Amino acid sequence: MLRSSARLLRTTGALRGPKGGKSFSSEVLPVDHSLPNPSWNEDMRLLFDQFMKKSEDGSWKRLPSYKCNLTERIEDVKIFFPDAKLLKEQMSQAQLFPRSLGEGVGFEYVMFHNHVEDRTVCIFQGGPHLQGVPGFLHGGAIATMIDSTLGMCAVLTGGIAMTANLNINFRRPIPLCSVVVINCQLDRVEGRKLFVSCNIRSMDEKTLYSEATSTFVKLDPKKKIDIRASGAFYTNLQ
Ligand SMILES: CCCCCC/C=C\CCCCCCCC(=O)SCCNC(=O)CCNC(=O)[C@H](O)C(C)(C)COP(=O)(O)OP(=O)(O)OC[C@H]1O[C@@H](n2cnc3c(N)ncnc32)[C@H](O)[C@@H]1OP(=O)(O)O
């Protein structure tokens with residue numbers, strides 16, 4: 001468990017440079033987007049400081065976050081790809097979707113993970129370019145952050161996995177530019193299936209905005225993802 005978490009911290013860029021393996025000192029440092037920036041409002045900073053305080057005893061860990069593309073994670077996922085070289089070429093422009101919008105206008109967030117409790121918390125400020133109904137966040141933007149936080153929770157506790165199923169109940173609309181807290185936990189593991197759930201609440205915890213449950217399936221190392229096909233597929237190739 002701890003080993004897979006350490007590996008993911010490495011894959012998310014915490015322990016190695018953007019080309020993998022090289023030390024940060026020999027090249028330009030990648031920007032860690034889960035640290036405060038001028039677009040973060042007072043609420044976001046307050047919650048960030050609270051969780052950083054909770055992290056002092058080591059129970060919670062802030063998860064660094066980069067706009068990295070898949071080539072940076074290649075060491076950890078290449079066993080699933082029959083042609084890792086082709087993957088590297090095709091994915092050279094790839095960026096993590098929630099980090100692909102400009103600072104402050106899209107997804108501003110920071111995640112913290114608790115290895116003992118198998119929980120992940122995301123502090124999320126949804127910017128003006130995520131509008132759906134006027135004044136409120138788009139449901140797809142909410143689903144993106146739910147999937148991302150549940151995904152981190154599943155992967156950090158279980159290893160490389162993908163979302164197989166995601167059920168969301170949108171209970172209240174989330175005001176644009178407000179700060180909400182996504183609380184995720186691993187509920188149970190059955191074979192390769194990781195059952196995770198979460199809720200989204202307001203900062204004061206009084207408003208329940210959304211609830212979700214999801215099944216992640218750990219990838220089967222016997223199956224390979226073939227990106228040569230026009231629609232990539234994942235099957236027994238060997
Ligand atoms: C290459 C991955 C890199 C990951 C790097 C991670 C790094 C950082 C994490 C960041 C967080 C990101 C979060 C975002 C996550 C996503 O959005 S992923 C994108 C959306 N998901 C997909 O595109 C997945 C598409 N589906 C598949 O590829 C496959 O169906 C599968 C991989 C989900 C499962 O395929 P397979 O391994 O062949 O499983 P099976 O053998 O068929 O089944 C195994 C068990 O799982 C059960 N199951 C399968 N599908 C579902 C489902 N949809 N719902 C519920 N359960 C399902 C199936 O019944 C089997 O159960 P039993 O063992 O029989 O009990």
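Basis for what follows: all heavy atoms, side chains included, without hydrogens, waters or symmetry-related copies. Note that ligands are numbered from 1 as they come in the structure, with each ligand's atoms numbered from 1 the same way. Here the structure is a predicted model, which means the values were calculated and not measured.
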Please tabulate, for side-chain N and O atoms in residues 129-144, each donor-acceptor pair with protein atoms closer than 3.5 Å (sequence neighbours left out).
unit_1 : atom_1 : unit_2 : atom_2 : d
Gln131 : OE1    : Gly135 : N      : 2.8
His138 : ND1    : Gly140 : N      : 2.8
Thr144 : OG1    : Gly140 : O      : 2.8

- Enumerated ligand 1 atoms positioned under 4.0 Å from heavy atoms of Leu219: 1 (C), 32 (C)
Taking distance alone, with no angle check, do [X] and ligand 1 share an N/O pair under 3.5 Å?
X      : answer
Asn165 : no
Asp220 : no
Ala164 : yes
Asp147 : yes
Ser148 : no

- Does any donor atom in the side chain of Asp43 or Gln125 lie under 3.5 Å from an acceptor atom in the other side chain? no
- Message: With no hydrogens and no angle check, just 3.5 Å: does a side-chain donor-acceptor pair link Thr157 and Asp118?
- Response: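 No donor-acceptor contact under 3.5 Å links the two side chains.
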- Is any NZ, NE, NH1 or NH2 atom of the basic residue among Asp32 and Arg62 found under 4.0 Å from an Asp or Glu carboxylate oxygen of the other?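 Yes, this pair counts.
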- Should Thr207 and Arg201 be marked as a side-chain contact (heavy atoms from CB on, under 4.5 Å) after you check the CA-CA gap, both sets of side-chain angles, and the distance that decides it? CA-CA 6 Å; Thr207 309; Arg201 289 183 181 274; over 6 Å; no
- Message: Once salt bridge (Lys or Arg N to Asp or Glu O under 4.0 Å) is applied, what residue pairs with a partner in residues 154-175 remain, sequence neighbours excluded?
- Response: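 Matches after skipping sequence neighbours: Arg171-Glu211.
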May I ask which of [options] has a heavy atom nearer to [atom] than the others do?
atom                    : options                        : answer
atom 23 (O) of ligand 1 : Lys222, Arg192, Met162         : Met162
atom 9 (C) of ligand 1  : Met111, Met152, Lys218, Lys223 : Met152
atom 4 (C) of ligand 1  : Val155, Leu150, Ile160         : Ile160
atom 15 (C) of ligand 1 : Thr163, Thr149, Thr215, Leu63  : Thr163

- Query: Would the number of heavy atoms belonging to other residues, nucleotides or ligands and lying under 6.0 Å from CD of Glu190 be above 12?
  - Reply: yes
- Task: Return the orientation label for the Phe51 and Trp60 ring planes: parallel under 30°, perpendicular over 60°, tilted otherwise.
- Result: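 The arrangement is perpendicular - the two ring planes meet at more than 60°.
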- Have a look at ligand 1 and work out which part of Glu190, if any, has a heavy atom under 4.0 Å from it: side chain, backbone, both or neither.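 It is neither; nothing of Glu190 touches ligand 1.
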